[in-house]
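This report concerns only the one structure given below.
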Amino acid sequence: MLDVTTTSDGACPLFSIIIPLEFHRGQWEQSWLGWTSQTADRALYEIILVVPPDFTGQAELNALAAGQARLEFADSAHDIGLCAVGAARARGRYLFFTESHCWPEPDVIALCIRAIDDHPDWAGFSCRSVPICHNRLSEAEAAMYQADIEFGMKQHPWRKVLDQCFVTRRDAYQECGGLREELGHFAEWVLAAGYHARGYAIGYLEEARFHHYYIGRIGELKTFTLDFVEGESRFLSEDRRDPGRELIEIPFEWTDRDDFDRQLAFNALNALMRYSLPRLGWKWPREERRALWRWSGPALFGDLRARVAASFAVAQARLVLTALTVVGSRDAIARWMKSYIASLIHLQRLACIRRLRGHTISAKKLLGDRVLGQLGFHELESAAGHAFRWSEPQAAVRIKGAPGRNTVCIRCPAVRESLDEIGVQFYLDGAPLDRAAIEIGLDRYMLSLDLPQTGIAILAWACPKFIGIGDARRLGLPVVDIEVNPNARGSAQKDSGLSAAISSTMVVSERN
């Protein structure tokens, strides 16, 4: 049992209550009263009020909290950054994170002490959030977020950190990297993933209740949403391998972001034109016309069409939601609020990806460590125990090697006729690759390439379409992986065993 009488030597309390005074929504005094009305011994916890530079209630704060709280002044203007500052300056064994528009019921500290005693396996726990609403928009906002909170606390395997009311052992918090200001409110998810990956359990103390004030303003809702997405984008753009990173689900806008890469699309379009014109002239059948439409859009416009469509969706949803707050039903408000948030998230992700393009690693599982981007590939699939991706009849990859001569190995399982009968043509930065630079093995192409001083180039190819049995997709080459080896030559004829493992009767070819 936790002996609260021996948890402190007079200098180090059991809990450090960390309250950032940003986004207080006019409720910070109510929050203060909640903490000074606790039934537990006041000596067991310290209250740290972290003050941002633009806080306007300094006189009232000094009068109300004098002698009863520590005032810590910080340069940060974000509540996650303020929480991080408060945690760094806290003295308690347990850190208690909350928000200045939340206030606890009088027995919260007492219940937390009991929970620590009853659940020694918990490295931390979140308390229950009880919504306070004052208009119909705030009711819809609360319903949406409460459903997400309930899902995280009771069903999701690791999304258990709720910064409205989160208690954690100091040592576990520090080991897991703490709250990172640059990630905004997405930092909650990253911290929770870090706890889970390191084997730390986070509980849910439902009987400890916090009242959370929902402001019910579209502008505030937008600010919070954009902040979360900005943090998500910064996280996904990082080249870090912290424990828990693999738990974060990557949104489709990030996994598919190469679909809007104009350089890759231009090289795929170039491969189509160079491959098809000598064979077909200008009388292209339907399949080639589809391919021309497929590549010309992203080659010419990149993500412009997607961003314009997303902008219209956001504008429509906000217009309707604004009108519904005046004359609409509660159900309609709730429905259009979700639509507005979803469209806003989609637009902001596209904007972040556009801003960060070329400066980040890809979020998608690529075809090799030396592949920086890829376009024109279907999802991973497997046959006979071997995993591969079908390319489209035209595809492009951005590769990185050493300046000068490199050998590129493209491994392709024989799921159709032999590779030397396919008739594929390769292009490096738009120029056709000489046949003498290509060696064809049983299950691989070996390409001898001269890369520029940057070591980065775009390799594209085109080939006839293949038709899988019962498969309507546009299929080109089945690719296991792509290796780039500076100044290296491999055996083009050595069979890896993929050819024998996968039946060649899976697909038939269609040559034009």
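Along the sequence shown, residues are numbered consecutively beginning with 1.
Remark: D434 engages no residue in a salt bridge (Lys or Arg N to Asp or Glu O under 4.0 Å) (not counting sequence neighbours). With sequence neighbours excluded, the residues forming a salt bridge (Lys or Arg N to Asp or Glu O under 4.0 Å) with D261 are R398, listed by chain and number. Every residue two or more places apart in sequence or in another chain that forms a side chain to side chain donor-acceptor pair (under 3.5 Å) with E99 is listed here: H101. Among residues two or more places apart in sequence or in another chain, the side chain to side chain donor-acceptor pair (under 3.5 Å) test is passed with S126 by none. L292 meets the side-chain contact (heavy atoms from CB on, under 4.5 Å) test with L269, L272, M273, W284; sequence neighbours excluded. Contacts of D227 classified as side-chain contact (heavy atoms from CB on, under 4.5 Å), with partners at least two apart in sequence or in another chain: H78, H185. By the side chain to side chain donor-acceptor pair (under 3.5 Å) test, D420 is found to be paired with S418, residues two or more places apart in sequence or in another chain being considered. Under the side-chain contact (heavy atoms from CB on, under 4.5 Å) criterion, V190 pairs with L183, F186, F235, sequence neighbours left out. Residues forming a side-chain contact (heavy atoms from CB on, under 4.5 Å) with A457 (at least two apart in sequence, or on another chain): L428, D429, L451, P452. Every residue was checked against the side chain to side chain donor-acceptor pair (under 3.5 Å) condition with R198, not counting sequence neighbours, and none meets it. Every ring pair (Phe, Tyr, Trp, His ring centres under 6.0 Å) that F125 has, sequence neighbours left out, goes to W122.
Relative orientation of the F97 and Y173 rings is tilted, given thresholds of 30° and 60° on the angle between their planes.
S276 and E288 share no donor-acceptor pair across their side chains, judged by distance under 3.5 Å alone. Between the side chains of Q174 and R169, no donor-acceptor pair is found at a separation under 3.5 Å.
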Solution key, residues 312-325 side-chain donor-acceptor pairs under 3.5 Å, sequence neighbours excluded:
{"residue": "R318", "atom": "NH1", "partner": "Y340", "partner atom": "OH", "Å": "3.4"}
{"residue": "T322", "atom": "OG1", "partner": "R318", "partner atom": "O", "Å": "2.8"}
{"residue": "T325", "atom": "OG1", "partner": "T322", "partner atom": "O", "Å": "2.5"}

